[in-house]
Amino acid sequence: MSATDLNAETTIVLDFETSGLSPDQGERAIEIGAVKLVDGEVVDTFQQLMYPGKRINSFIEDYTGISNNMLKNAPPCEEVMREFSDFIDGFNLVAHNASFDSRFLDAELRRIQRNQQGEFACSMLIARRVYPDAPNHKLGTLVRYKRLPNDGTFHRALADSQMTAHLWLAMINEIKTSFSFRHVPFNVMQQLSRTTKSSVSHFLHREAKNQR
DNA sequence: TGCCAGGCCCTCTTTAGGGCCTT
């Protein structure tokens, strides 16, 4: 049995707050939040501010509510990322607009000579297919549109990862019910994000049928 | 000095442009 099979039912939903949009432009992670899902249940969480080695600008302070003062005494990125690397080791990963979080994850892990082997799935690309009629596919909009649990906190890493986890589970539930899956495997969700919108229904009917 | 993300997706498309998402 491969590592993927062993961990097939465990998924990490993660969210980074960062000093900007691109690690290639020298931007760094300032907070990581994540929840660990096993068979659709939250079994563990991770949240940590981290000192990025530079001051963050006022836009980021306003956007996240994370101040330079809060970061001043936080452990450095390298220390936090070593711990987080152990937390996610071997598991599949989910993020809202995963291309953004995967770039920062890879960049921060590269700085500590680590990498991650898990597969990434993007809740935003999947939401565009599962909820085509939503006003838009921002995380906050989808949370309100589907009345998902939240405590009113947005743009903080743990809160966003928790809301993304609820979105992920709501989409799995929707697909499971609508297409009569026994269960919806991670790789079906991942493939769904790459399926053209016109063939979503055909793809899910075929995958559900293959399960029977 | 001046510049500054990148991948997906739609369309008035593919010899391209621009909106959506993430901070």
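Every chain is numbered from 1 and lettered A, B, ... according to where its sequence line falls, protein lines coming before strand lines.
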Quantified in whole Å, what is the [atom1] atom distance between nucleotide [N] and nucleotide [M]?
N      : M      : atom1 : result
B:dC21 : B:dC3  : P     : 28 Å
B:dC20 : B:dG2  : C1'   : 27 Å
B:dC4  : B:dT23 : P     : 23 Å
B:dA5  : B:dC12 : P     : 28 Å
B:dC8  : B:dT14 : C1'   : 16 Å
B:dG17 : B:dT13 : C1'   : 9 Å

Please enumerate all residues that pass side chain to side chain contact (heavy atoms under 4.5 Å, CB included) together with [X], with sequence neighbours excluded.
X        : answer
A:Phe87  : A:Ile12, A:Ala34, A:Lys36, A:Asp44, A:Phe46, A:Phe84
A:Gln116 : A:Ile88, A:Leu93, A:Leu105, A:Asp106, A:Leu109, A:Phe120
A:His137 : A:Met124, A:Ala127, A:Arg128, A:Ala134, A:Leu142
A:Asp133 : A:Tyr145

Q: Using the salt bridge (charged side-chain N to carboxylate O under 4.0 Å, His left out) rule, collect all pairs that involve residues 45-63 of chain A, keeping only residues at least two apart or in two chains.
A: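 Residue pairs passing salt bridge (charged side-chain N to carboxylate O under 4.0 Å, His left out), neighbours aside: A:Glu27-A:Lys54.
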Q | Within residues 66-74 of chain A, residues whose heavy atoms come under 4.0 Å of DNA chain B | A |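 Within this stretch, nothing sits under 4.0 Å of the strand.
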Q: Pull out every residue in residues 104-116 of chain A that has a heavy atom closer than 4.0 Å to any atom of DNA chain B, ordered by number, or say none.
A: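 Heavy-atom contacts with DNA chain B come from no residue of residues 104-116 of chain A; none.
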Q) Does the side chain of A:Ser67 pick up a donor-acceptor pair with the side chain of A:Asn69 at under 3.5 Å? A) no
Q: Taking salt bridge (charged side-chain N to carboxylate O under 4.0 Å, His left out) as the test, write out the residues that go with A:Arg194, two or more places apart.
A: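 Listed in chain order: nothing, the list is empty.
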(Q) Test of understanding: with salt bridge (charged side-chain N to carboxylate O under 4.0 Å, His left out), list the residues that count as partners of A:Glu78, not counting sequence neighbours. (A) A:Arg28
**Q.** Within 6.0 angstrom of A:His205 NE2, more than 12 heavy atoms from elsewhere
**A.**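 More than 12 within 6.0 Å, yes.
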Q. Of all residues at least two apart in sequence or in a different chain, which pass the ring pair (Phe, Tyr, Trp, His ring centres under 6.0 Å) check with A:His155?
A.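 With neighbours one apart ignored, the set is A:Tyr63.
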What side-chain donor-acceptor pairs closer than 3.5 Å can you find for residues 170-187 of chain A, not counting sequence neighbours?
residue, atom, partner, partner atom, Å
A:Thr177, OG1, A:Asn173, O, 2.9
A:Ser178, OG, A:Glu174, O, 2.9
A:Arg182, NH2, A:Gln211, O, 2.7

(Q) Between A:Ser22 and A:Lys197, which residue's closest nucleotide on DNA chain B lies nearer the 5′ terminus? (A)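 Per heavy-atom nearest nucleotide, the more 5' residue is A:Ser22.
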Expected rows: protein N/O vs nucleotides 20-23 of chain B N/O, under 3.5 Å:
residue, atom, partner, partner atom, Å
B:dC21, OP1, A:His137, N, 2.6
B:dC21, OP1, A:His137, ND1, 3.2
B:dC21, O2, A:Asn97, ND2, 2.8
B:dT22, OP1, A:Leu139, N, 2.8
B:dT22, O4', A:Asn97, ND2, 2.9
B:dT23, OP1, A:Asp160, OD2, 3.4
B:dT23, OP2, A:Tyr63, OH, 3.0
B:dT23, O3', A:Glu17, OE1, 2.7
B:dT23, O3', A:Thr18, N, 3.1

Q: Can you tell me the distance, in whole Å, between the CD atom of A:Gln25 and the C1' atom of B:dG2?
A: 13 Å
